[in-house]
There are 2 protein chains.
Amino acid sequence: MSAPRRKGAPRATIDDVAAAAGVSIATVSRVLNGIEHKASSETRHHVLAAAARLGYRPVHAGRALRTMRSALVALFVPDTSNLFYATIADAIASHLKDSGSSMILCNTRDEAAIQDRLLEEMESHLVNGIVLLGALDSPGLRQAINNGLPIIFLNRKPPAGIAAPYIGVDNRLAGRQVAEHFLERTWSPVGAIHGPLASSASRGRYEGFRARLTRAGIRLEPRLVRGAELTIQSGYQAATAMLAQRPYPRAVFCGNDLIAYGLHERCGELGISVPEQMAIFGFDDNPLNAWLAPWLDTIRVPYDQYGATVAGALARLAETPRRRVPRETILPHRVVIRR
Amino acid sequence: MSAPRRKGAPRATIDDVAAAAGVSIATVSRVLNGIEHKASSETRHHVLAAAARLGYRPVHAGRALRTMRSALVALFVPDTSNLFYATIADAIASHLKDSGSSMILCNTRDEAAIQDRLLEEMESHLVNGIVLLGALDSPGLRQAINNGLPIIFLNRKPPAGIAAPYIGVDNRLAGRQVAEHFLERTWSPVGAIHGPLASSASRGRYEGFRARLTRAGIRLEPRLVRGAELTIQSGYQAATAMLAQRPYPRAVFCGNDLIAYGLHERCGELGISVPEQMAIFGFDDNPLNAWLAPWLDTIRVPYDQYGATVAGALARLAETPRRRVPRETILPHRVVIRR
DNA sequence: CTGCGTTGGGTAAACGTTTTCCTTCGAACG
DNA sequence: CGTTCGAAGGAAAACGTTTACCCAACGCAG
């Protein structure tokens, strides 16, 4: 069972297998790639046996050089330390493995310069696909699209003028639903700490929220609307500014869970009890919330479906000729109210 | 500045650069790789200019095929959704980028079969290094070592009989320090929910803890010692069993933070206030603790140093001939008491 | 018997690099 | 002046695959 190759011994190549099976390397290649009608079942058996005996594993570099495509997919993430992103990365990676691909994880730190450098690097790696979780508009991105790189946008829509597959939730609808929840409880006043409005996701959430309130005749007080980066620290700072004056909002919609954590911390310092005195709504619902943040209402994004959907889209992108990939795939979210 | 290559146009190869610069491809390669004494400064300038003008980027597969080494490093993680591992992955990836490598993230789910499959896959990718965060003893692992794969062990020591670089903290010492902390406060009785004792890390933590108590003349009640997987769910189950009888322990040392979260949850259900009635000690200290688990005392593992140390060890492993890599690198931890 | 399609399989040409030899040209040195 | 040496750079051989092309053998219709 175990390969007989010993330490320092060179690994078996396709030539070795061919010699051992008494056929040409072309036949070995065809058998191993499952090409039909090109080998008798007897030959196939010999080849398979020889390959197993020698512990042969094809070198990806050789194949990549010939076919100009690797078994690699790159995932770009704005913040690896955000558990939400880590969970999505996990879901995607496990689905990719089923199709024989491995995942290169790239942290853009939400900076366009880093993203562009990584895009070039991944192009050099001949990756089969690039999943941009939280893309940034930049010259490098447009260049990459122009070069024909197979890019899929996750959560943040492709910038204006770029036509590429997008997978995400309906942020506007979710924001609207949060507003409706607030309205049902007749909470007033309400506030919001939204993420960077340059991001289509953050903007959609906030605008859906605000639009629904407006329709109900409620105007958000400017004092109770703040912007923040999608981090705890930034959320904490925004919360500090927002809660500098009274009256405090009765409920606040945050751009994501991390901002909500920051707000919660500030509430603790000010003696505001959550959710009794102030309800906090987040977005994403990473798995830790159920245990560590039971006070948090949030929008659950369907991680598991992300994995399968992304893997499917990538598979279609990788095919030649490229099958039509749906331009937009909207996955269902869920409003999570914890009591 | 931007590459002039248009959509569908083939990417520039080294031949194009050579032609544009009026030199041979050998010279282009040498200039781009910074080989000294092989090109006049004038030639070098021409080559560099041509490369920039054409937007040339070397294809990794070609290089990999020739040199039998890629610009890839694999990180094996037992659980991608553990924020602690995600943080370490981030630290390593960012340091690797400085040396021009990219990181393939592999989730073993703490299963030997998956680990072995991934090891073979990574060998096919000709990775420059494999970082095993939480290695499992298995035939595949020993085979990989035998094949000469450049493997580094993180947190869990290499299994008996395998000589390979190890990087981690002094788990025994940390466990001892937790015991000393408990002793200082004269907390009694004390309990423990340790991780799988097959892991050197979990075992070291628990044994250091127990040994120090024994030396102080204190024997852990069997009822108050439980084992668990390193997950919240498993910690919760172990906690449920442990807290089925009174008296409750005054302080509990948990195998990692996730187990501690599970215990905390159970305490909440039983109306045990933490840390007033029960102190909980964890291990790892992921960055979220400061915000979401202020009740948790823990051992802080130095993420940042992990990144640099691992990158350094990998660099030395990649050199030919391999420089001596320190067999064991023990990084300093910190006891974090939150009040 | 000729012509033709199908099946099985070999030959060799790529794919884009790096690196080992060579060669050439000057300069330094005896 | 002959020899040696270093710098500069070219030609070509790998590296391990896949695949286009070719060929032989065979069955079968005409």
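So that the names make sense, note that chain A is the first sequence line, chain B the second, and so on, each numbered from 1.
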Under 4.0 Å between a side-chain N or O of A/Arg66 and OP1 or OP2 of C/dA14?
no
Would you indicate, yes or no, if C/dG8 has its OP1 or OP2 atom less than 4.0 angstrom from a side-chain nitrogen or oxygen of A/Thr27?
no
Checking contacts here: which listed nucleotide (C/dT18, D/dC15, D/dC21) is nearest the side-chain heavy atoms of B/Met68?
D/dC15
May I ask you to say whether A/Lys157 pairs ionically with A/Asp137, meaning some side-chain N is under 4.0 Å from a carboxylate O?
no
So which of A/Thr87, A/Thr329, A/Asn155 actually passes side chain to side chain donor-acceptor pair (under 3.5 Å) with A/Tyr306?
A/Asn155
Check every atom of C/dT17, D/dT17, C/dT20 against the side chain of B/Val59 and return the nucleotide holding the closest atom.
C/dT17
Toward the 5' end of DNA chain C, which comes first, A/Ile25 or A/Glu36, by nearest nucleotide?
A/Glu36
When you get a sec, tell me which of D/dT17, C/dT17, D/dG9 is the closest nucleotide to the side chain of B/Ala39?
D/dG9
Backbone of B/Ile35 reached by a side-chain donor or acceptor of B/Asn33 within 3.5 Å
no
Separation of C/dG16 C1' from B/His60 NE2 (nearest whole Å)
13 Å
Nucleotide of C/dG16, D/dT19, D/dA8 approaching B/His37 most closely (side-chain heavy atoms):
D/dA8
Taking the side chain of A/Ser24 as its heavy atoms from C-beta onward, which of C/dG10, C/dG8, D/dT18 lies nearest to it?
C/dG10
Among D/dA8, C/dT17, C/dC15, find the nucleotide with the atom closest to the side chain of B/Pro58.
C/dT17
Let me spell it out: for each of B/Thr43 and A/Leu32, pick the nucleotide of DNA chain D with the closest heavy atom. Which residue's pick is nearer the 5' end?
B/Thr43
When you get a sec, tell me which of C/dG16, D/dT17, C/dG9 is the closest nucleotide to the side chain of A/Lys38?
C/dG9
Spacing of A/Asp15 atom CG relative to D/dT18 atom P, expressed in whole Å:
12 Å
Should B/Thr67 be listed as having a side-chain N or O under 4.0 Å from OP1 or OP2 of C/dT19?
no
Can you check the A/Ile14 CD1 to D/dC15 C1' distance for me, whole Å?
13 Å
5'-most contact on DNA chain D: B/Arg44 or B/Gly62, nearest heavy atom basis?
B/Arg44
How close or far is atom P of C/dT17 from atom CZ of B/Arg69, stated in whole angstroms?
18 Å
What is the separation between atom CZ on B/Arg30 and atom P on D/dA11, rounded to the nearest whole Å?
11 Å
Distance, rounded to the nearest Å, where A/Leu126 contributes CG and C/dT17 contributes C1'
12 Å
For the side chain of B/Ala26, counting heavy atoms from C-beta on, which of C/dA12, D/dA12, D/dC15 is nearest?
D/dA12
Of the listed C/dT17, C/dG8, D/dG9, the closest approach to the A/Ser40 side chain comes from C/dG8
Has the side chain of A/Ser124 got a donor or acceptor atom that lies under 3.5 Å from a matching backbone atom of B/His60?
no
Provide, to the nearest angstrom, the distance between the CG atom belonging to B/Asn33 and the P atom belonging to C/dT19.
7 Å
Ignoring backbone atoms, test whether B/Ser29 places a side-chain nitrogen or oxygen under 4.0 Å from the OP1 or OP2 oxygen of C/dT19.
no
When you measure from the side chain of B/Asp16 to the backbone of B/Thr13, do you find a donor-acceptor pair of N or O atoms at a distance under 3.5 Å?
yes
Show, in sequence, the C-alpha distance, side-chain angles and deciding distance for B/Arg142 and B/Asp116, and conclude whether the salt bridge (Lys or Arg N to Asp or Glu O under 4.0 Å) test is met.
CA-CA 10 Å; B/Arg142 292 173 183 274; B/Asp116 289 358; over 6 Å; no
Quick one: A/Leu65 CG to C/dA14 P, roughly how many Å, whole number?
13 Å
